[in-house]
Amino acid sequence: MRLKRTHTCGELTAEHINQEVILNGWIATNRDHGGLIFIDLRDRYGKTQVTFSPEKVPEIAADAKRLGLEDVIAVKGVVSPRPKGNINSKMSTGEIELDVTELEVLSESAPLPFLVSNRESGSEELRLEYRYLELRTAEIQRSLAIRHKTYQATRSYLAERNFIEVETPVLMKSTPEGARDYLVPSRLHKGRFYALPQSPQTYKQLLMIGGFDRYFQIVKCFRDEDLRADRQPEFTQIDIEMSFVDQDDVLNLAQGLTRSIFKRVRGEELPEEFPRMSYQEAMETYGSDKPDVRFEMQLREFADFASESQFEGFKSVLANGGRVKAIVAENLADKYSRKVIDGLTDWVKTYYGVKGLAFMKAENGGLSGGISKFFTDEQLASIRKRWDVADNDILFFVADEDGERALQTLGALRLEIARRENLIPENIFKPLFVLDFPLLEFGPDAGRYVARHHPFTSPQLEDVPLMESDPAKVRARAYDLVINGYEVAGGSIRIHQQAMQQQMFKLLGMSAEEAERRFGFLLKAFQYGAPPHGGIAFGFDRLIMLLSGTENIRDVIAFPKTTSAMSLMDEAPSFVDEKQLKELHIRLSEDVKPAAE
RNA sequence: GGGACCGUAGUUCAGCUUGGUUAGAACGCCAGCCUGUCACGUUGGAGGUCGCGGGUUCGAGCCCCGUCGGUCCCGCCA
């Protein structure tokens, strides 16, 4: 190129007037007035208006007429003040313009599938196909810049505190516990496969045994599971592990890191001490293990009222060990007609599998409608009093013999109503730690207990005796960091003693032989002096979502995949040549062959 | 694995309820006019495999079945 930029498109101001400069960039808009042509030239740093005057430079102005959106050009000219009344206060460069004397067309753009100036002008499907164009949009430029700042903030915070960044393998041993693995066939070892890491869990523990007492890594993880708005098949974690620590040390570190990131990236002051809440309390008051505490509408216990009522549905649920809880949605009774309530009822039935949704409305100082007829006036009055119910509030009730399901359903309803009614304040951040997760849960499919976090999670010491008598009651030394209803980080103190690890495997129904086959390398390492250790992993993408204010994980990843794990731009995954398969000792089954050919 | 919504011009959408002459609009694109615009204005023009396959019908963008793709949710995600 002949004309190399001397400045970016975002930096010229009145101070540069009369200087001769060169700008390079993309054409954001062009406004051809016949006698005078305006082009807004754009790069990552901003936009600058450049003008072509047919009077002064007739040949160049004639060339400029042929330019189109997103052509890449270089222009040389003199920085000039805009005439009075033509200053654009919306642009940082709005006081000046570039009076062009030379033009070099570096590259022309084909007609655009959507407008770079307006992301809404194309469907997400189309934008993903032309992701490189979407990367030019202000939104994606901004969120990737936030992502970059967050990498920097993370590295400097941790490095300043003696953490050492270590890379762990991407090709590793498959450990079929947890999510499905992405597998990579081995050419050299017939019939064998590597797995891509679901997380560097085992490696970080081995690093502790290896004496790297404070480790971190910003690392890609891979899970072959179905996707959601906040889940991608490959995603990034800030992985952290520490030796000679207890739970509070890890939480304080995570808290400090989070505060530092929000401060440095957004200028946002998070509380010095994040609130801490037990898993049990989170479930009881919010119906979720990742409560959004930006708004109230907490779950209320209804068992005592229900058991004294005439409502057999609730009474039989309670008699069978179930739960009945309620929420009070303030000032919505008039808005929630029978039809709206029926809609919500269908919604909870369909998605959460409960039998129904009960309600009452508060009016004229009492409670009426719905299930109110099963209660005496005295009972209704005392419900209103205990919950401080005001006229026009509406009360929703969910009962289920599976108590956890009742809580989760009501928690989901709480969120749904809050979203519909815009009860969730934006641009505020409410972090909290959720603690004391159960170590195990009964897996109906497996017919045994499965680790809720992972099989290396330490039980709380006082609960160890329960491992024999009542495993479901054992609490783990596991914790999550939740912000605005997103699980942003999760971790645990690990088991570092062989005997305990073996007991854990036994509880999980894993024989000594099986444990040896799957995790033998780790168990062996534990024989050579394992320090007590624990850690935490941040979902980096979700953190960026919060920092940049989006609810779509694809907005914060440069080249994301669709909800069916396809990359629309390069069409991955793709079929491969027979020759490649042969080298890998792989033969496709008959039913997929026609598609491959 | 299951459910809901969506797929029509380069793009965003309307048309589908109630099948019927030539499938419309806006933006973009092309050509012209325009010296102070910044969502420039203005005149004209081109542009359609109605995702794909099958069925019903005299006749299908519209109804039915299947399929592919997108989004959101349940299951799943230690």
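What you are looking at is a predicted structure, and each value in this text was computed from that prediction instead of being measured. Just so you know, these numbers use all the heavy atoms, side chains as well, and skip hydrogens, waters and symmetry mates. Every chain is numbered from 1 and lettered A, B, ... according to where its sequence line falls, protein lines coming before strand lines.
Within 6.0 Å of OH on Tyr194(A) lie no more than 12 heavy atoms contributed by other residues, nucleotides or ligands. Heavy-atom neighbours of Glu95(A) CD from other residues, nucleotides or ligands within 6.0 Å: at or below the threshold of 12.
A straight line from CG of Asp230(A) to C1' of rC74(B) spans 14 Å, rounded to a whole angstrom. Going from atom CG of Leu126(A) over to atom P of rC6(B) covers 20 Å, rounded to whole Å. A straight line from CD of Glu124(A) to P of rG7(B) spans 16 Å, rounded to a whole angstrom. rC38(B) atom P lies 13 Å from atom CG of Leu36(A), rounded to whole Å. Regarding Leu568(A), its CG atom lies at a distance of 7 Å from the P atom of rU71(B), rounded to whole Å. Between the CZ atom of Arg42(A) and the C1' atom of rC38(B) there is a distance of 15 Å, rounded to whole Å. Regarding Glu108(A), its CD atom lies at a distance of 14 Å from the P atom of rC29(B), rounded to whole Å. The distance between atom CD of Glu129(A) and atom C1' of rG70(B), rounded to the nearest whole Å, is 12 Å.
When the side-chain nitrogen and oxygen atoms of Arg127(A) are compared with OP1 and OP2 of rG70(B), none of them lie within a distance under 4.0 Å. OP1 or OP2 of rC74(B) has at least one side-chain nitrogen or oxygen of Arg228(A) nearer than 4.0 Å. Contact between the side-chain N/O atoms of Asn88(A) and the OP1/OP2 oxygens of rC38(B) is not found at any separation under 4.0 Å. Phosphate contact (OP1/OP2 of rG70(B), side-chain N/O of Thr562(A), threshold under 4.0 Å): present. A close approach under 4.0 Å does not occur between any side-chain nitrogen or oxygen of Arg231(A) and OP1 or OP2 of rC72(B). Within the structure, every side-chain polar atom (N or O) of Arg31(A) is placed at least 4.0 Å from both OP1 and OP2 of rU37(B). Side-chain nitrogen and oxygen atoms of Ser121(A) include none within less than 4.0 Å of the OP1 or OP2 phosphate oxygen of rC27(B).
Taking a pair to require two hydrogen-bonding distances under 3.5 Å in either a Watson-Crick or a G-U wobble arrangement, rC27(B) pairs with rG10(B). Remark: rG61(B) base-pairs with no nucleotide in the shown strands. Criterion, Watson-Crick or G-U wobble with two distances under 3.5 Å. A 3.5 Å limit on both hydrogen-bonding distances identifies rU71(B) as the Watson-Crick or G-U partner of rA4(B). For rG66(B), the paired nucleotide is rC52(B), the pair qualifying as Watson-Crick or G-U wobble because both relevant distances are below 3.5 Å. Summarising the base pairing, rG36(B) is matched to no nucleotide, lacking a Watson-Crick or G-U wobble pair whose two defining distances lie under 3.5 Å.
Ranked by how close their nearest RNA chain B nucleotide is to the 5' end, Leu128(A) and Gly122(A) are led by Gly122(A). A residue-by-residue look at Tyr351(A) and Ala451(A) shows that Tyr351(A) has its nearest nucleotide of RNA chain B further toward the 5' end.
Taking the C1' atom of each, rC40(B) and rG3(B) are spaced 48 Å apart, rounded to whole Å. Taking the P atom of each, rC64(B) and rG69(B) are spaced 22 Å apart, rounded to whole Å. Annotation: rC63(B) and rC50(B) have their P atoms spaced 16 Å apart (nearest Å). To the nearest whole angstrom, the two C1' atoms, one in rA60(B) and one in rU8(B), are 14 Å apart. Nucleotides rG7(B) and rG53(B) are separated by 16 Å at their C1' atoms, to the nearest Å. Between rC73(B) and rG59(B), the distance separating the two P atoms is 44 Å to the nearest Å. With both ends at atom C1', the span from rC76(B) to rU56(B) equals 40 Å, rounded to whole Å. The C1' atoms of rC52(B) and rG47(B) are separated by 23 Å, rounded to the nearest whole Å.
Under the salt bridge (Lys or Arg N to Asp or Glu O under 4.0 Å) criterion, Glu234(A) pairs with Lys220(A), Lys561(A), sequence neighbours left out.
Counting any heavy atom pair closer than 4.0 Å across all strands shown, Glu97(A) reaches a base atom. Thr51(A) comes within contact range of no nucleotide atom at all, as no heavy-atom separation falls under 4.0 Å. Nucleic acid contact for Thr175(A): none, since no nucleic acid atom lies under 4.0 Å from a heavy atom of the residue. In this structure, Arg119(A) reaches neither bases nor backbone, as no heavy-atom distance under 4.0 Å exists between it and the strands shown. Across all strands, Phe38(A) comes closer than 4.0 Å to base atoms (heavy-atom distances). Using a 4.0 Å heavy-atom criterion, one finds that Thr350(A) contacts no nucleic acid atom at all. Residue contacts for Pro83(A): at a heavy-atom cut-off of 4.0 Å it reaches a base atom on one of the strands shown. If you check every strand for non-hydrogen atoms under 4.0 Å, Asn118(A) touches nothing. Across all strands, Arg452(A) comes closer than 4.0 Å only to sugar-phosphate atoms, never to a base (heavy-atom distances).
Across Arg119(A) and Ile140(A), no two heavy atoms sit closer than the pair NH2-CD1, 3.7 Å. In plain terms, the two heavy atoms of Gly509(A) and Glu514(A) that are nearest each other are O-OE1, 4.3 Å.
With respect to Glu416(A) and Arg420(A), a salt bridge is recorded, a charged nitrogen being found less than 4.0 Å from a carboxylate O.
Without hydrogens or angle criteria, Asp71(A) side chain to Ser109(A) main chain gives a donor-acceptor distance under 3.5 Å.
A donor-acceptor contact under 3.5 Å links the side chain of Gln49(A) to the base of rU37(B). For Arg82(A) against rC38(B), a side-chain N or O and a base N or O form a donor-acceptor pair under 3.5 Å.
Under the 30°/60° scheme for interplanar angles, the aromatic rings of Tyr130(A) and Tyr132(A) are found to stand perpendicular.
Ranking rC34(B), rC77(B), rG75(B) by closeness to the Asp226(A) side chain, first place goes to rG75(B). In the set rC72(B), rG69(B), rC74(B), the nucleotide with an atom closest to the side chain of Tyr352(A) is rC74(B). Listed nucleotides rU71(B), rG28(B), rG36(B) differ in distance to Arg554(A); the shortest reach to its side chain belongs to rU71(B). Of the candidate nucleotides rC27(B), rC77(B), rC34(B), rC27(B) has the atom lying nearest to any side-chain atom of Leu115(A).
Between the side chains of Asp555(A) and Ser143(A), not a single donor N or O lies within less than 3.5 Å of an accepting N or O.
The side-chain ring of His33(A) is not stacked on the base of rU37(B), judged by centre separation under 5.5 angstrom and plane angle under 30 degrees.
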